[in-house]
Amino acid sequence: MPFPRASQALSRFTVLDLTRVRSGPTCVRQLADWGANVIKIDALLEDGGGEQPGGPRQGSDFQNLHRNKRAMTLNLKDPKGLEVFKRLAEQADVVVENFRPDVKAKLGIDYESLRQINPRLVYGSISGFGQDGPYHKRPGFDQIAQGMGGLMSITGAPGEGPMRVGIPVADLTAGLFCALGILTALLERDVSGEGQWVQTSLLQAQIFMLDFQASRWLMEKDVAKQAGNNHPTSIPTGVFKTSDGYINIATTGGRIWERCAQAIGAPELVTNPDYATAPARSKNRDALNAVISKFTEKKSTETWVKELNEAGVPCGPIYSIDQMFEDAQVKHLGIAQHVPNDENRHIQLVGQPVSLSRTPSTMAARPPEFGEQTEEVLAEFGFAKDEIAELRQRKVV
C-alpha cells in the first residue's frame, strides 16, 4: 500500500527503527524526514501490553520525534517475534537502535547476528558511553554526558558552579551524528556492496561539540573556563541591557569594534588604551561591558537592532520561544510546519533546518498510533494473511 513520503531523496531505503526516548529517534527522524521508508517497531510485551518510553504518544515531544514514520508492534522477547524481525531485517537497508550495548546481544538482534542474514545491512547504534570499554554497560543520560564531556564546566557564569545547557545537546548531536554516519555508510555501500556498523555515543558527541575549547587543550594545554554570556575570545561580545530588555552584540575584529563604538555614540572608546587592542579588551572585558551597557540602556532593543545592523555590527534580540516563532524571518523560513492528518488534529512541528531544491523535506504524515500499520507492513514484507493472524493470536504482534 502506498504511503505518503516526506521527500524522494531517501525513498529507496527501508529503515527499521528500534529506538526510543531521544537520541535514537532524533537519528531516525532525519531519515524519515528525507523520505526513507521508516518502520517504528513498537515493543509488545508477552501480555499484549506495550512499552512507550519517551513521553505520551499524543504529547508534543513524541509527535515531533516520530513524524513521517509508520509503526508496527512486535514482541522481540518471543522467539517467534525474533524470527519475524529477522525476516524484516533481511530485506531492510538500515536498522537503528539505542539499547544498552549488552541488551541487543541478549535479544539476538546485534549487528553480528543480523549481518549473517543481510550483509548489506547498515546498523546504527547509539549508546551512552560506547559499545565497549570500562563504562559501556552504564546507562546513558544527556546531563551525565554534558558533565563528563566537559560542557558544564564552560557553561554558566564564572564562580557560580557548573551549569547544564538548556537543551539535550548530547542526545540531539549523537542522533545527528549517527544519521550522518548511516548516510555515509549507505554511500560507501554503493561502491563495496557491503553494509557496516555505525556507532556513536552521547559522550563522544558531546566531546566533539566542544570544538575549539577541546582543541585549545589538545594543542595548547589551555583549559577553557566559564565565561557566562561573554564570548571566550571575541570581545566585546555578549548580552547588554537596553531600556526595555536585552540585546546580543558581537564584535569579531578591530574594524567591527570601531563600528560598534561609533554606533553607540562612544567613539572615544576606540582610542582608550584600555580598549584599543584585542588583548586590552580581553583583559578589561568587565569594565568595557559596563561602559557599553551605560549607552545601550538609553534605547530600546528594537532601536538598537535597527541601528547596529545598519552600522554593520552583528546583533540581535533575545527572544522567548513564543517571540522567536513570531519573528518575521523565522516565519519566512517556514520552519514551523503543519502536519496533515485525517483527524483534523492541530499538529504543528519543527521542520528540517536544511532545504534541497529538487527533493525538499515536508511534513507528509502524522506520527503513527501504537502499531497502527502492523498488518500493512507485514504484508509488504511478504507475510501471508494467515501468518499475520497467527502472530496476532499468539500475541507476537
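Numbers here are sequence positions counted from 1.
Within a 6.0 Å sphere centred on CD of E188, heavy atoms belonging to other residues, nucleotides or ligands number more than 12. Other residues, nucleotides and ligands place more than 12 heavy atoms under 6.0 Å from the CZ atom of R392. Sparse packing is recorded around CE of M209, with 12 or fewer heavy atoms of other residues, nucleotides or ligands lying under 6.0 Å away.
Using a 3.5 Å distance cut-off with no hydrogens or angles, the side chains of Q199 and S125 do not pair a donor with an acceptor. A donor-acceptor pair shorter than 3.5 Å cannot be found between the side chains of Q63 and S60. Side-chain contact annotation: Q146 with D142, donor-acceptor N/O pair under 3.5 Å present. A donor-acceptor pair shorter than 3.5 Å cannot be found between the side chains of Q226 and E160. Neither side chain, S293 nor E297, offers a donor N or O lying under 3.5 Å from an acceptor on the other.
Residues I167 and M324 fall into different hydrophobic clusters, defined by Ile, Leu, Val, Met, Phe, Trp and Tyr side chains chained together at heavy-atom separations under 4.5 Å. No continuous path of hydrophobic side-chain contacts links L151 to M163 [ILVMFWY only; heavy atoms under 4.5 Å]. Both V96 and L186 are assigned to one and the same hydrophobic cluster, defined by single-linkage of ILVMFWY side chains at heavy-atom distances under 4.5 Å. Under the 4.5 Å side-chain heavy-atom criterion for ILVMFWY residues, no single connected hydrophobic cluster contains both M72 and V28. In the hydrophobic cluster analysis, where Ile, Leu, Val, Met, Phe, Trp and Tyr join through side-chain heavy atoms closer than 4.5 angstrom, V169 is grouped apart from V21.
Between D17 and K40, no side-chain nitrogen of the basic residue sits less than 4.0 Å from a carboxylate oxygen of the acidic one, so the salt-bridge criterion is not met. The pair K306-E310 meets the salt-bridge criterion, since a charged nitrogen lies less than 4.0 angstrom from a carboxylate oxygen. A salt bridge does not link K299 to D244: none of the charged side-chain nitrogens sits closer than 4.0 Å to a carboxylate oxygen. Between K385 and E375 there is no salt bridge, since none of the side-chain N atoms of the basic residue sits less than 4.0 Å from a carboxylate O of the acidic one. Between R281 and D274 there is no salt bridge, since no side-chain N of the basic residue sits under 4.0 Å from a carboxylate O of the acidic one. A salt bridge links R255 to E258: one of the charged nitrogens lies within less than 4.0 Å of a carboxylate oxygen. A salt bridge does not link K331 to D327: none of the charged side-chain nitrogens sits closer than 4.0 Å to a carboxylate oxygen. Residues R366 and E372 are paired through a salt bridge, judged by an N-O separation under 4.0 Å between the basic side chain and the carboxylate. Checked for salt-bridge contact, E369 and R345 meet the test: a charged N lies under 4.0 Å from a carboxylate O. The existence of a salt bridge linking K80 and D78 is excluded, since no basic side-chain nitrogen approaches an acidic carboxylate oxygen closer than 4.0 Å. A salt bridge links R57 with D42: the closest approach of a Lys/Arg side-chain nitrogen to an acidic carboxylate oxygen falls below 4.0 angstrom.
Atoms CG and CD, from L202 and Q143 in turn, are 12.5 Å apart once rounded to the nearest 0.5 Å. Taken from CH2 in W257 to OG1 in T277, the straight-line distance is 11.5 Å, to the nearest 0.5 Å. Distance check: N118 CG to D93 CG gives 8.0 Å after rounding to the nearest 0.5 Å. Expressed to the nearest 0.5 Å, how far CZ of R189 lies from OG1 of T184 amounts to 13.5 Å. Note that CD of E194 and CG of L121 are 12.5 Å apart. Values are rounded to the nearest 0.5 Å. Separating the OG1 atom in T362 from the CZ atom in R67 is a distance of 10.5 Å, to the nearest 0.5 Å.
Less than 6.0 angstrom separates the ring centroid of F208 from the ring centroid of F177.
Using a distance-only test at 3.5 Å, with no hydrogens or angles considered, a donor-acceptor pair links the side chain of N98 to the main chain of R20. A distance-only check finds a donor-acceptor pair linking the side chain of S7 to the backbone of A9 [under 3.5 Å]. Not a single donor-acceptor pair under 3.5 Å links the side chain of T237 to the backbone N or O of N230. When atom types are taken as modelled, the side chain of S234 and the backbone of H231 share no donor-acceptor pair closer than 3.5 angstrom. Panel note: side chain Q373, backbone A71; a donor-acceptor pair is recorded below 3.5 Å. W304 places no side-chain N or O within 3.5 Å of a backbone atom of I247 that could act as its donor or acceptor partner. The backbone N or O of F381 sits less than 3.5 Å from a side-chain atom of Q91, completing a donor-acceptor pair. The backbone N or O of Y246 lies less than 3.5 Å from a partner atom in the side chain of T301, making a donor-acceptor pair. The closest donor-acceptor contact from the side chain of T374 to the backbone of T73 lies under 3.5 Å. Under the 3.5 Å distance criterion, the side-chain polar atoms of Q323 are matched with a main-chain donor or acceptor of S320.
Side-chain contact between W217 and E220 is absent, with no heavy atoms from C-beta onward closer than 4.5 Å.
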Query raised in the report: How far apart are the C-alpha atoms of V198 and V122, what are their side-chain angles, what is the distance that settles it, and do they pass the side-chain contact (heavy atoms from CB on, under 4.5 Å) test?
Result: CA-CA 7 Å; V198 176; V122 172; 4.0 Å; yes
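Remark: R70 is positioned above the aromatic ring of F3, its terminal NZ or CZ atom under 6.0 angstrom from the ring centre and at most 45 degrees off the axis.
Checking each of R115, K104, Q196, E112 against Y123 for a side-chain contact (heavy atoms from CB on, under 4.5 Å) leaves exactly one that passes, namely K104.
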